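Numbers restart at 1 for each chain; the letters A, B, ... are given by sequence-line order, proteins then strands. Just so it is clear, the structure is predicted and the values come from calculations on it, not from any experiment.
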Protein chains: 2
Amino acid sequence: MAAPEATFVLEGRPTAQLIADQLRELIVQGAFRPGQQVNESALASQLNTSRGPLREALQRLCQEGILVSKRNRGVFVLELTAADVKEIYAVREAVELAAAHTLLDSGPEQIATTVRELKAIIKNMAKQVKASDWQALARLDMQFHTTFVSGTGNTRLIRIYETLAAESRMCILGLEVAYPRIDVLVQEHQKILDHLEAGDRQGLQRAIQRHMEKAVEDLTSDPEAAGISA
Amino acid sequence: MAAPEATFVLEGRPTAQLIADQLRELIVQGAFRPGQQVNESALASQLNTSRGPLREALQRLCQEGILVSKRNRGVFVLELTAADVKEIYAVREAVELAAAHTLLDSGPEQIATTVRELKAIIKNMAKQVKASDWQALARLDMQFHTTFVSGTGNTRLIRIYETLAAESRMCILGLEVAYPRIDVLVQEHQKILDHLEAGDRQGLQRAIQRHMEKAVEDLTSDPEAAGISA
DNA sequence: TAACTGTAGATTGTCAACAATAAACGGATG
DNA sequence: CATCCGTTTATTGTTGACAATCTACAGTTA
């Protein structure tokens, strides 16, 4: 059951997408302030390219929603409001619940593979907790959920979730050291994993809903510290 | 608590987005064959613009997924397989179920407004059924669902669904006169509307799931006629 | 002093020409 | 006759320059 095409699509990756990926990573890592204007000429030379390809990449990110474009003004980094946070996590909940049901309906070996990957991620999370590396922790947090959704094999669901993951990282970015109690974070992910492994549909659904609910609470409770406006 | 910016973002609509919207409409109306290459120069002159802005628009549509880009080859119209149809409708089901719950949790006047809009659409559908205008019927079909999701007010959910709606119209396009029995189509939408109006959570959920299930059956049962490859 | 207006600067939007790559065709060769 | 290879052609990828627009600042005036 190999996928030989996977190598082709990777080797012939369009330029605009490559630039978009680099830029997305820069943005979610906080290289730009929310609301800050993106200077095309400066960024183009910084990424060793021209304005043309860069603009194409910017359009992609505008379509994703992490950049907003204003005519004759340029593109700006998305400013997240409390309403945005609620929206993002509402959609994430919908996607993850769908993924959960699809996953449980799929074969046991599919579930087993996903469970194995998730366990590895949680192990890494525990490691980063000790090191108190928030940046890495945020990345692993989203990697856990992205892997979870990837388990379904639904490419559209995966693509949608990748965008949501980027936005979520932008949310978390504002928190920095204010990340909620980290031991609880690991516990919640472990709980999701346990329910998945046990095939507990009801429990898994509840765990995901609780996880999202808590995240919204943490992200909207302290607007000042998170740099999030009402 | 007015939002004066809303008018600004509408008046200053970026060019690439305008072109992308035109192109999307052309594609879902069947102006291009699935798998067909999109010639940049020809399209640019046809749309009274240059290759630059057009390429930016193409990137947006690639991000949406209705076009696929291959390096040094160009962009091609998405070819839908049976697997794609299953994916699309699985995601649609997830989004609509989420929308249903959100809608029922919102205020009664929010529901009433949405119900009113949906009723108008169904009335138009019945009209087009008599006229046997398949193109218009397909548009109204998706308009019904888009309006349903729009009722939630979740801009991200809406954006996601608009992409799914475009892909769905591409699916339906292949059917043409083979559109499933039209009276049943109207009935199913009416059923969804009734459950929403009655606030019947369980019934609404069932109706949506049945609706999607039937659609996938119709779209994958006759691959030849639909121009869909296995 | 405050408000208004005109100018200057910078930035984006658009375009046309150039370079690079891949597909298509025709001919040579086993 | 099929296969392989070089040439041709069309298309995309990239670049730089030009035009249009907006913001900011300075000067003027009530």
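- A close approach under 4.0 Å does not occur between any side-chain nitrogen or oxygen of B:Asn39 and OP1 or OP2 of D:dA10.
- In this structure, B:Leu47 places its CG atom 12 Å from P of C:dC15, rounding to the nearest Å.
- Regarding B:Leu54, its CG atom lies at a distance of 16 Å from the P atom of C:dG13, rounded to whole Å.
- Side-chain to base pairing of B:Arg73 with D:dG13: no donor and acceptor N or O lie closer than 3.5 Å to each other.
- Identified under the salt bridge (charged side-chain N to carboxylate O under 4.0 Å, His left out) test for residues 31-58 of chain B, with sequence neighbours left out: A:Arg55-B:Glu56, A:Glu56-B:Arg55, B:Glu40-B:Arg51, B:Glu40-B:Arg55.
- As rounded to whole Å, 11 Å separates atom P of C:dT11 from atom CZ of A:Arg51.
- For C:dT12, one of the phosphate oxygens OP1 or OP2 lies less than 4.0 angstrom from a side-chain nitrogen or oxygen of A:Gln37.
- Using a 4.0 Å cut-off, no side-chain N or O of A:Thr49 falls inside it from OP1 or OP2 of D:dT14.
- Interatomic distance, B:Leu140 CG to B:His145 NE2, rounded to the nearest 0.5 Å: 11.0 Å.
- In this structure, A:Leu43 places its CG atom 13 Å from P of C:dT11, rounding to the nearest Å.
- Note on A:Gly74: only backbone sugar-phosphate atoms sit closer than 4.0 angstrom, heavy atoms only; bases stay farther off.
- Side-chain atoms of B:Asp105 and B:Thr102 form no donor-acceptor pair, as typed in the model, at a separation below 3.5 Å.
- For the pair B:Lys70 NZ and D:dT11 P, the interatomic distance rounds to 17 Å; values are reported in whole Å.
- Contact annotation for B:Ser50: base contact, defined as any heavy-atom pair under 4.0 Å involving a base atom.
- Nucleotide C:dA23 holds its P atom 9 Å from the CG atom of B:Asn72, rounded to whole Å.
- The phosphate of C:dT14 (OP1 or OP2) has a side-chain N or O of B:Thr15 nearer than 4.0 angstrom.
- Tested against B:Val149, the residues B:Arg92, B:Glu162, B:Glu96 include a single side chain to side chain contact (heavy atoms under 4.5 Å, CB included) partner, B:Glu96.
- Under 4.0 angstrom from either OP1 or OP2 of D:dG13 there lies at least one side-chain N or O belonging to B:Arg55.
- B:Leu58 has its CG atom 13 Å from the C1' atom of D:dT11, to the nearest Å.
- Within 4.0 Å (heavy atoms only), B:Val75 reaches no atom of the nucleic acid at all.
- Spacing between atom CD of B:Glu56 and atom C1' of D:dT14 amounts to 14 Å, rounded to whole angstrom units.
- Between atom OH of residue A:Tyr89 and atom CG of residue A:Leu219 there is a gap of 4.5 Å, rounded to the nearest 0.5 Å.
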